[in-house]
Amino acid sequence: MALLEVKNLQARVEEKEILRGLTLSVNAGEVHAVMGPNGSGKSTLSYVLAGKSDYEVTGGTATLEGEDLLELEPDERAAKGLFLAFQYPIEIPGVASMTFLRTAVNAVRKKRGEEELSTPDFLRLVREKAKELNIHQDMLKRPVNVGFSGGEKKRNEILQMSLLEPKMCVLDETDSGLDIDALKIVADGVNRLRAKNRGFLVITHYQRLLDHIVPDVVHVMAKGKIVRTGGPELAHELEAKGYAAYETAA
Amino acid sequence: MNAEVKMMRTAAETQYADALGALPATGAIRGLRAKALSDFIEKGLPHRRVEEWKYTDLRVLMREMAPLAGKPDAGAIAEAKKNDVLANIGAREIVFVNGTFVAELSNLKGLEKGLSISTLSDALSNDAMLPQLLAALNPSKYDAVFALNTAALNEGVVIEVAAGAQITKPIHIRHIVTGTSPVSVFGRVFVKAGKKSQATVVQSHTGPDAVAYQTNTVLQLSVADDAELDIVRVQAEGDKAIHLSMTIGAAGAQSRFRSFTLTTGASVSRHTVPFAFAGRDMRALISGATLLRHKQHADMTLEVDHALPGGESRELFKTVLDDETRGVFQGLIIVRPDAQKTDGRMMSAALLLGEAAEMDNKPELEIFADDVQCAHGATTGALDDDLMFYLRARGIPKKEAESLLIQSFFGEAIEQIENEKIRDAVMTRAGKWLEERSVK
């Protein structure tokens, strides 16, 4: 059984059809890339998987380890092991970063039947993971994402990912707005999390992220569907030839 | 020809006139009470055609007057003893039960040097204090609710902080209502902060749920030059109560005044704050958090009056409205012609959680000086869907996610409390409100 199994998924926002029968499956231990032109529905795919209520699923299925994702609330999906790294992480004024991280970690642990972390254990864990991602303690003293640079926000997403220990990570354009140094830090963070029991869906417009996070499988998405699937070489082909062929063909 | 329209008195108005008119006349305040009562009878309860009471029509909201409370018996005192609102802030406590001062629950021993606390009746029998007390009891401008309070004047407390005295231990005045039948309770508190003095006064209002009792309390403050006074109020009345209260203050040159109010109680409440900047370069911070559920109605009305130059005022109010509640904020900043260089900023933000909740948000500026900086803002909104999704996508369940966002919303106002222990205690109470909240 695949870790993430998406079959003929259809979804719309208001009256606009965005996903039009999307099918893909990701096995544990694999990294899949989804590439496609702007407006092909890449971000919608990530939001629908995570459970954002603006999108209405009109057909198809999505399961995580065989369990129906679409029936679950967003927090239940997170507890089951789905993680979405946002393209635009949200600023939450007034909510301290540490309070947020601790609430999230303990909520997920509780749902998974694990004990909540004590304050010292939690602080030790955050310090260790933050250091790996070059996140300063000062940043964590601020409210969630408030006053963070683009790179800091993305690193903060990866920090959350590493603290929540998901099974299936969906990264929505994690490379957008990053310079090359920031990109490397983020990619190293993701690569450290690669594991036999964990899958990744890396959504990106450009091939350059995939130089750092090397995928096992590359999908091309256009007009709400996967239109081609191949190996890492497909990403290079897209970089050379562009998406024009898929936009007209699909 | 203009025909004079005479308003019919409501049942409550008639009951007030009868009950307060029948009070035994006593000493120095006899004339004052009689005058206040006749003023009340002339004005009647404030109603929607009185501009300041437009959103809180007491003629409608207060149909009947509850009978005047009697002296508390042993049972009432035992019940009051269990009251633990803000019990852990290390304060000196002064306790009123059903409007009566209860010496055995109060701690007036070992007063710090420069601090004097006396009951209103003792203060009124002190010839040295009488003239200024009478002047304070009889301000030139007041409304019908204040008139009622004066007409019922019986007991209260007078706190004086001598010039230069630094009183670090907070003084906590508990206004406790007990019992199972509706009563009317009145109270008056005076705080006089001498030059260069410093003090913190806490006032809490509590009573039983499911009892339609009525309270009317006035806090009068006089802050001398260079003094620093902090007021923290916790209005946690029972859920069927009507709570009417005022904070009337005037502060002198270079003084510092801070006031915070947490409102979680009462079925209907109104707090009115007329505050006068009566000296140059004084600074005031007036803030509050109001947390409402079910069908509560809470009205916060401020009038900040800058008469002299260089004043700085900050007003920050946060109102959370769940279910079918109604919140009112009216804030007026007046800058008189001499009050040049005034810097005034007022903000009232409301968070609507209930679909049937309503907020009336009315900040106003009246500026008669030309070299001033004044701004006001009012916002009303719901919880942000994107913020909620972000939190829930991290595994935080709906109720906890909402609580985090609501707490961050009202937390900004609670953060304004200077004293850390009191701030923590107020935050804990507000946190309890969140825990009790049911999520739809």
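Keep in mind that the numbers below use all heavy atoms, side chains included, and drop hydrogens, waters and symmetry copies. Lettering of chains follows the sequences in order, A, B, ..., and the numbering in each one begins at 1. Computed from a predicted model, the values in this text were never measured in an experiment.
- When all heavy atoms are compared, the tightest approach of Ser408(B) to Val95(A) is CB-CG2, 3.7 Å.
- For Ser53(A), no part lies under 4.5 angstrom from a heavy atom of chain B.
- Pro397(B) and Lys111(A) get closest at one heavy-atom pair: CG-NZ, 4.5 Å.
- For the atom pair CG (Leu404(B)) and OG1 (Thr99(A)), the distance works out to 7.5 Å, reported to the nearest 0.5 Å.
- Annotation: Glu436(B), atom CD; neighbour count of heavy atoms from other residues, nucleotides and ligands within 6.0 Å is above 12.
- In this structure, no portion of Glu412(B) lies under 4.5 Å from any heavy atom of chain A.
- Contact annotation for Val144(A): only side-chain heavy atoms (C-beta onward) come within less than 4.5 Å of a heavy atom of chain B.
- At a threshold of 4.5 Å between non-hydrogen side-chain atoms, the residues Asp54(A) and Phe389(B) do not count as touching.
- Contacts between residues 74-94 of chain A and chain B, defined by a heavy-atom separation under 4.5 Å, are made by Pro74(A), Asp75(A), Ala78(A), Phe83(A), Leu84(A), Ala85(A), Phe86(A), Pro89(A), Ile90(A), Glu91(A), Ile92(A), Pro93(A), Gly94(A).
- Residue Ala107(A) comes nearest to Gly395(B) through the heavy atom pair CB-O, 3.3 Å, listed as atom of the first residue, atom of the second, then distance.
- A salt bridge is defined here as a Lys NZ or Arg NE, NH1 or NH2 lying under 4.0 Å from an Asp or Glu carboxylate O, and Arg392(B) with Glu73(A) meets this definition.
- Contact check on Glu400(B) versus Lys110(A) returns no salt bridge, with no Lys/Arg side-chain nitrogen under 4.0 Å from an Asp/Glu carboxylate oxygen.
- Between Lys52(A) and Asp386(B), at least one side-chain nitrogen of the basic residue sits less than 4.0 Å from a carboxylate oxygen of the acidic one, meeting the salt-bridge criterion.
- Lys131(A) NZ: 12 or fewer foreign heavy atoms inside a 6.0 Å radius.
- Atoms OG1 and CZ, from Thr103(A) and Arg394(B) in turn, are 13.5 Å apart once rounded to the nearest 0.5 Å.
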